[in-house]
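Right, one structure below, let's go through it.
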Amino acid sequence: MDSLLNVQTVLSTLDATLRVSTPLILCAMAGLFSERSGIIDISLEGKMLFAAFAAGAVAAVTGSPWLALVAGMLISTVLSLLHGFACITTRGDQVVSGLAINVLASGLTIVLGIAWFSQGGQTPALASDARFMPLELPFIEQIGTIPFIGPFLEIVISGHNLLVYVALIAVPITWWVVYKTRFGLRLRAVGENPLAVDTAGISVSLLRYKAVVIAGVLCGIAGTYLAIAQNAAFAREMTAGQGYIALAAMIFGKWRPVPALLACLMFGFLDAVAIRLQGVPLPGIGEVPVQLIQALPYILTVVLLAGFIGKAVAPKAIGVPFAKER
Amino acid sequence: MQNQKTQGEDRNLPPANDPLAIELRKICKRFGQVQANRNIDLQVQPGTIHGIVGENGAGKSTLMSILYGFYQADSGEILINGKPTKIKSSRDAIDSGIGMVHQHFMLVETFTVLENVLLGAEQSAMLDKSESNAREVLEHLSAEYQLSVPLDAITGELPVGQQQRTEILKALYRNAEILILDEPTGVLTPQEADQLFRVLQALKDRGVTIILITHKLREIMDITDNVSVLRLGEIVSTQRTADTSTAALAELMVGRKLETQHFEKIDNPDGENGIEVHNLTVKDDRGLTRIDNISFNVKRGEIVGIAGVAGNGQSTLLEVLAGIQSPGSGEFVINGHNVTSTTAISPKEMREIGVQHVPEDRLRLGLIKSFSAAESSVLGYQNRKKFNWRMFLNIRSIRTACKKLMQAFDVRPPDPKLKSSSFSGGNQQKLILARELDQSPSVLLVGQPTRGVDIGAIELIHQKIIEIRDANCAVLLVSVELDEIMTLSDRILVMFEGRIVGTMKGSDADKTTLGLMMANAMDDAA
C-alpha cells in the first residue's frame, strides 16, 4: 500500500495523467467548436486516427516532426471538410456521415500502411529527431528544490513534449474565442438558432464550415501527438476509442471548455491509475485483472453519460441541417 | 383578371414629394405549382404605417420574405427610397435600412438581450468593446421609445412582450428606417398590444416607415394610415384606412360577403357536469408548476372557454384532461369517470368513453403529415370493426368514411388519397374536427381550433362547435384568440401562470376586463 501512496507515485501518476489526457483535451475542444456550431462530430475518432497515420508516415519518410504535424492537421481538416460538405451543403445525416468517416479512416489507414510500409499496418519506428521530444522548463532543476510546489512543477508540469502544452493552452484560447469574440458569439448562436443568425445577415454555412475546419485542425494535432510524440510510430487502430471518450468528456462538460478539460483530465487520470494498478494487489480484493482495470475509463464513461451528470442540454439546433426554403 | 381593376384605387393615396419608402413593381414568386405572389405592385409612403392584410396563404409572408431577402422574387423590381435595390440576403435588407420583427422571434433564447441585439451587428472582433458601445446606444433607444428591456436578462426567460421589444431594439440598433412587423400581436395580451402600438406611433413620429402584417382587422383600423389587401397572391386593393371599414376589408380578403357570426349564449345550463375538476395541480419534468390548484366544471350543453396568453397552463390542462399527461395531485371527473394520478385513463380509453380531443398542435398530435387524408381520418379509431378486415385495414371502407366526412365538413379538395400535408391548415383542421365529431362525443376538448385557419373555414368550424354543444355535449375550448373565446363561450375562465384568475359569463364578457385578467392586472386597474 505504501508504494501506492507515496508522493513520488502520486506525482508520476499525475504526470502520466497529463500525457494520456492530451489527445482527449485536443479532441474535446475540436468537438466543442463543431458541436457549438450545430454539427454533431462523432468523426473525431476517425480524423484523429487518419491524422496519426499521416503524421507517422510523413515523419518516417521526411524525418521532420513539423512536416508530420502539418500533414496530420491537413488530412484531418480535409476529412472535416468532407463531413462539413455532407452535413452543411448537402444537409445529410450528421451521425451517418461521422460514422462513415470513422469506418473509412479505420480501413484506409491499414490498407495504405500495408501498401506503403509493409509492416502489417504500422509505420516504421521513428528516431527521436523525427518526433516531438520532452522539453524541460528553464531552471526547472533549481525550481524542483522548492518544497512542495517544486517537485510538482518538476515532475508533473515540466518534461512534456510541445504538443502537451499546446493542448493545455488550447483550453483557455477556446474559452476566450467562444465567450469573448465576435466569432464565438456567432458560433454559439448558430448552434442554438441558425435562423436567427441568418436573419441577422450572417451566412450560416460559412460559419459552420469555419467551425468544422477548426475542429479538423485540433483533431490533427491530437492525431499527430499520438503517433509521433506519445509513441514512436503509427499503429493500427491506435486511437482505440479516444475520440469517443473525448466526445463524452465534452458532453460531460456540457459543451463548455473548462468543464470539458476537467472531464478529460478525469478520464486521463483513471487511465493513468489503471496503468499503475496493473499487477498491484489491492487490500481486501487482491490482484484485479488487468482487463478490468483497463476497462475502467470506458465503464465510467457509460455510467456517467447514462445519467450521473444530470441532464446535459445540447445546443438546440444540433444535428439539424439548416434550410431556409420551405 | 378582374382584380386588376381594383388596383386603380392607388390613386386615393396622397401625392408624395419624398420618394416612396418602398415600391414593389410586378413581383412574382412561385413555389412549384403554387403562385404565392402574382404581379404585386405596392407603394409605401415614407413615415406612414402601412397595413397588409390577407388570409393565411394569401402570400403576405412570402412577400415580406422577399423584401427581407429570405426568398428572391422570380421577377419584378424592388425600389427602396426610390432606388432600385437587389435584396439577395438578409444582409442586403439590413444594409438597405429594413428591419423585421418576425412572427416567430429570431432570438437565441440562451443569450442575453444584449448578445441578441449585438449578433451580426458587432462593431469589432472583441465582444467587450462592442458590448459597452451597444449598451450605451440601447439605453438611449430604450428611453427614447419607452422600450425598456433588461439588457442582461436571459432572453428565453423573458415574457413574450419583452422578447418582442428585443426584436424591435435589434432593428433600431441596426438603424432600420423601415420596420416590418409580421403578426406582432398574436402572442400579446390586448394591453401589451396597445403598448406595442404606442411604440409604433412613436417610431412613426420620428420618421420610421412601418409595415404591419396582420389578420386582425381591428388593429388595421386602429393604427394604420394605408392598407393593402392580399388575396390569392395578388393585391386586390390599396387604400387609405380612413376610407374603409373592417367589413369592407373582410369582404376584400375573402372575396365574398361574410355574415357576422353571432351565437346564442346559454347562461345557466341545467345539464349535469361533463367535466368536473377538483384542486388539480400539475408539475412538468423540471418540477415547475404548470397548473396550480384549479377547480371548475363544464356542464353538458355548455361551452366553457379558457382564455389566456399562450403558455399559462392551458395546453397542459387540455393534455391532462385528454389523458395524455398524468394529473399530478387533485382529481377530475370526466363524463362520469373519476381520474386521479393513480386511476389515470389513457387517451385511447378516453376516446372509448366519449371524450374526444381536437389537439392544439394539429401537426404534432392531430394527424400524420405523410399519411393520406383517409388514414389521418381514422387515426385513433383504426381498430374499429368497420375499418378492418381480419388482420388488415379495410382501405376501401376507410376511404368511403373519409369521403363522407370531407363532404360534411367541406374539406377541399375532397380526395381521401391525397397526403395530409397537401391540405391547407384550415382543411386539415376540418378533417380532424370531422373525425372527432363523428364519434358524437359527450365531452369535447378543443385547443386553438382556428389557429392558422382562414376566415371561410373559421365560420364552418365555429358553426360545428356550436352544433355539438346544442347536441348536449360539454365543450371545453382553449384559445389564445380572445375574439374566438368571446364568440363561442357561454362561460369564460381566464388562466394566468397555471391558476384561474377570473371568470365571466359569455353574455356579458368584455375585452378590456378579459385583457386585464389575462395579464393578472385586475388589482392594478382597480
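This one's a predicted model, so the numbers in the text were calculated from it and none came from an experiment.
Taking a 6.0 Å sphere around CG of B/Leu141, one finds it holds more than 12 heavy atoms contributed by other residues, nucleotides or ligands. Residue A/Phe269 qualifies as open at atom CZ: its count of foreign heavy atoms under 6.0 Å is 12 or below.
In this structure, the portion of B/Phe105 lying under 4.5 Å from any heavy atom of chain A is its backbone and not its side chain. With a threshold of 4.5 angstrom between heavy atoms, B/Ser65 does not approach chain A through any atom at all. Contact annotation for B/His102: only side-chain heavy atoms (C-beta onward) come within less than 4.5 Å of a heavy atom of chain A. The contact between B/Phe111 and chain A is made entirely by side chain atoms (from C-beta outward), counting heavy-atom distances below 4.5 Å.
When the candidates A/Val197, A/Leu185, A/Ile202, A/Leu195 are compared by the number of heavy-atom contacts under 4.5 Å with chain B, A/Leu185 comes out ahead. The residue among B/Met100, B/Glu122, B/Glu131, B/Gln123 with the most heavy atom pairs within less than 4.5 Å of chain A is B/Glu122. In terms of heavy-atom pairs under 4.5 angstrom with chain A, the leader among B/His104, B/Lys170, B/Arg174, B/Met106 is B/Met106.
Listed here is the closest heavy atom pair of A/Lys316 and B/Glu109: NZ-OE1, 3.0 Å. Heavy-atom minimum distance, B/Leu119 versus A/Ala200: O-CB, 3.5 Å.
From A/Phe183, atom CZ reaches atom CG of B/Leu127 across 12.0 Å, with rounding to the nearest 0.5 Å. Separating the CG atom in B/Leu118 from the CZ atom in A/Arg182 is a distance of 11.0 Å, to the nearest 0.5 Å. For the atom pair A/Asp198 CG and B/Ser89 OG, the distance stands at 8.0 Å (nearest 0.5 Å). The structure places OH of A/Tyr179 at 10.0 Å from CD of B/Glu115, a figure rounded to the nearest 0.5 Å.
With a 4.5 Å cut-off on side-chain heavy atoms, B/Leu107 and A/Asn193 do not count as touching.
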Practice prompt. Quick one: do B/Asp128 and A/Lys180 satisfy side-chain contact (heavy atoms from CB on, under 4.5 Å)? Show the steps, please.
Written response: CA-CA 7 Å; B/Asp128 285 348; A/Lys180 292 289 163 188; 3.8 Å; yes

